[in-house]
Amino acid sequence: MRFRYTLCNEVVGALPFANQCALAAGLGYEGLEVAPFTLDDEAPHLLPTSLRSGMRAAAREEGIEITGLHWLLLAPKGLSITSADAAVRRRTLDFIQRIIALCADLGGRYLVHGSPYQRVVTADGDAGRAEEAMAWAGEWAAGAGVTYCLEPLAAEQTNWATTVAEAAAITSRIGNPHLRTMIDTCAAGLGESESVAALIERWMPQGVLAHVHLNDRNRRAPGQGEDRFAPILRALDASGYQGLCGLEPFEYLPDGATSAARAIGYLRGIEEVLA
């Protein structure tokens, strides 16, 4: 048992990108999962070609990779996959198409669509527009050779695709293998009736899960709360999961670098005990 971990880069986002790469590599991560808003808070989807190449080179120099993108629609402000406003919708779909291209240019293999506030359903037609946006995302992802993941988020955050079952139903209706779902252990722990391990056991064999985020229900890193990750790693191992596990705490205690170090050390320790 030895999983491949990737660090969500906003955890150490105060550092220059090259330093983020060096830190992640030094701690034993396979790579960085990049939040676009850390690159530019106005137009990350328009990042110049030279910067894209430079980021990829910085990761390669440290022996890691940029594995994917997440937290997609935070910047620029005003994006929404449910809005009935035609201008907002055009801008949002254009952003999604371009951010998928950015992921491919950076060498990433997947994108995680969480962005809870940009997918809230408030009126008739909103859910249909959200699903249509996912269908477009799947098509663009197929063209770019990446996978677009609809992330189930707990009902306290949003009201559309709040469980793995709901997200799996949406992706199944669309029927594009480049559009799948995933598990975020914090969201699942807060919003699902089953344990995270049980969800993995039920859904992984069905081929709908393309990625995993590991975090405690208290929003901190694995090992910094009451959640126990041994059953989760055991279930992933039993399912034959070959993908990456993204480390995505939202609260960094005592700081980002220490949180990242403690998380991977905790998880590697579990692997040794379970091996």
Step by step, would you call Thr185 with Asp227 a side-chain contact (heavy atoms from CB on, under 4.5 Å)?
CA-CA 9 Å; Thr185 60; Asp227 292 346; over 6 Å; no

Test item: [X] side-chain N/O and [Y] main-chain N/O as donor-acceptor pair under 3.5 Å:
X	Y	answer
His178	Val146	yes
Arg52	Leu47	yes
Tyr29	Ala260	yes
Gln20	Leu15	yes
Arg268	Phe3	yes
Thr258	Asp255	no
Thr82	Ala130	no
Thr162	Asn159	no
Arg180	Leu209	yes
Asp216	Gln224	no

For the pair Arg89 and Leu93, evaluate side-chain contact (heavy atoms from CB on, under 4.5 Å) and give the outcome as yes or no after the intermediate values.
CA-CA 6 Å; Arg89 185 158 185 80; Leu93 292 177; 4.0 Å; yes

Might you point out which heavy atoms bring [X] and [Y] nearest each other, and give the distance in Å?
X	Y	answer
Ile200	Pro205	O-CD, 3.7 Å
Ile99	Pro44	CD1-C, 4.4 Å
Ala167	Pro152	CB-CG, 3.8 Å
Gly175	Pro177	O-CD, 3.9 Å
His113	Arg119	O-NH1, 3.4 Å

What's the spacing between [X] [atom1] and [Y] [atom2] if we round to 0.5 Å?
X	Y	atom1	atom2	value
Ser115	Glu151	OG	CD	8.5 Å
Leu72	His45	CG	NE2	12.5 Å
Glu166	Thr171	CD	OG1	12.0 Å
Glu248	His213	CD	NE2	4.5 Å
Glu33	Asn9	CD	CG	9.0 Å
Phe37	Lys77	CZ	NZ	13.0 Å

Give the cluster check for [X] versus [Y]: same hydrophobic cluster or not, with ILVMFWY residues linked at side-chain heavy-atom distances below 4.5 Å.
X	Y	value
Tyr110	Leu247	no
Leu74	Val88	no
Ile96	Leu46	no
Val12	Leu214	yes
Leu267	Leu27	yes

May I ask you to check whether over 12 heavy atoms, not counting those of Arg2, lie within 6.0 Å of atom CZ?
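No, the 6.0 Å shell around CZ holds no more than 12 heavy atoms from other groups.
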
Return yes when atom CD of Gln206 has more than 12 non-hydrogen atoms of other residues, nucleotides or ligands closer than 6.0 Å, and no otherwise.
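Check passes, neighbour count above 12.
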
Short N-O contact, Arg202 and Glu192, less than 4.0 angstrom:
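Salt bridge absent between Arg202 and Glu192.
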
Below 4.0 angstrom, N of the basic side chain to O of the carboxylate: do Asp94 and Arg98 qualify?
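Yes, Asp94 and Arg98 are salt-bridged.
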
Regarding His70 and Glu10, is there a side-chain donor-to-acceptor distance under 3.5 Å anywhere?
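Judged by distance alone, the side chains do pair up.
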
State, yes or no, whether a side-chain contact exists between Glu194 and Val164 at a heavy-atom distance under 4.5 Å.
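When only atoms from C-beta onward are counted, Val164 and Glu194 do not touch, as no gap falls below 4.5 Å.
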
Please assess Arg129 against Asp126 for the test salt bridge (charged side-chain N to carboxylate O under 4.0 Å, His left out), listing each intermediate value before the final yes or no.
CA-CA 5 Å; Arg129 282 186 287 273; Asp126 285 2; 2.5 Å; yes

Evaluation steps, side-chain contact (heavy atoms from CB on, under 4.5 Å), between Gln97 and Trp136:
CA-CA 8 Å; Gln97 185 174 18; Trp136 280 113; over 6 Å; no

For Trp203 and Thr181, run side-chain contact (heavy atoms from CB on, under 4.5 Å): C-alpha distance rounded to whole Å, both residues' side-chain angles, the deciding distance at 0.1 Å, then the answer.
CA-CA 10 Å; Trp203 291 105; Thr181 186; over 6 Å; no

